[in-house]
Structure formats: structure tokens, C-alpha cells
J.: 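First the structure, which I've put down as C-alpha cells, then a few questions once you've had a look.
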Amino acid sequence: MSFLAWIILGLIAGFIGSKLVNRRGEGVVLDILLGIVGAFVGGWLFSTFGRAGVTGLNLYSMVVAVIGAVVVLVIYHALSRRRF
């Protein structure tokens with residue numbers, strides 16, 4: 001996938017994941033970053049369980065990226081709320 005496709009996929013997946021996890025976005029830059037990281041995490045999770053990961057800019061890849069973004073956001077919120 002091209003760099004622009006990763007950014008588009010990351011933006012959409014990060015935005016949808018933010019809406020699912022905490023009902024508001026984290027901001028455009030953080031949504032893009034979390035979405036791209038989520039795409040990698042989702043691809044890794046799916047390949048671990050024997051399914052295809054992110055295959056391009058399509059609906060299946062969007063679902064994989066959103067699931068990964070939700071996982072990343074849940075971990076992000078769990079760590080950011082924790083006070084050491």
C-alpha cells in the first residue's frame with residue numbers, strides 16, 4: 001500500500017475506533033497515528049489467528065484496522081488513566 005493509503009486507512013480507522021471506545025475523537029493527528037498503529041496491531045492479531053491482515057484499501061482491511069485501533073485505544077486509555 002502507498003503511504004497516502006496508509007494515512008487514509010489510519011485516519012478512518014482511528015476515527016471510528018475513537019468513536020467506539022470513548023464517543024469522541026482524540027484529535028486528527030492522534031486518530032491517524034492510533035489508526036495506523038491499530039492497522040498494524042489488527043493485521044498482526046488476524047495473522048496470529050490464521051486470517052489475512054491488512055490487504056489494501058478495502059472494507060476487509062478497514063474492519064481489521066478498526067479492530068486493531070480499538071485494541072490500541074483501550075490499552076492507551078488504560079495506561080493514560082493510571083497514575084504512578
J.: Would you say W44 and F49 make side-chain contact, with heavy atoms under 4.5 Å?
T.: no
J.: Do L59 and I12 land in one hydrophobic cluster if side-chain heavy atoms of ILVMFWY residues count as linked below 4.5 Å?
T.: no
J.: Who passes side chain to side chain contact (heavy atoms under 4.5 Å, CB included) against V71, sequence neighbours left out?
T.: V41, L45, I75
J.: Going by the rule side chain to side chain contact (heavy atoms under 4.5 Å, CB included), which residues pair with V74 if we only count those two or more places apart in sequence or in a different chain?
T.: V21, V70
J.: Partners of A69 by side chain to side chain contact (heavy atoms under 4.5 Å, CB included), sequence neighbours excluded?
T.: none
J.: Find the distance between CD1 (I16) and CG (L73) and round it off to the nearest 0.5 Å.
T.: 12.0 Å
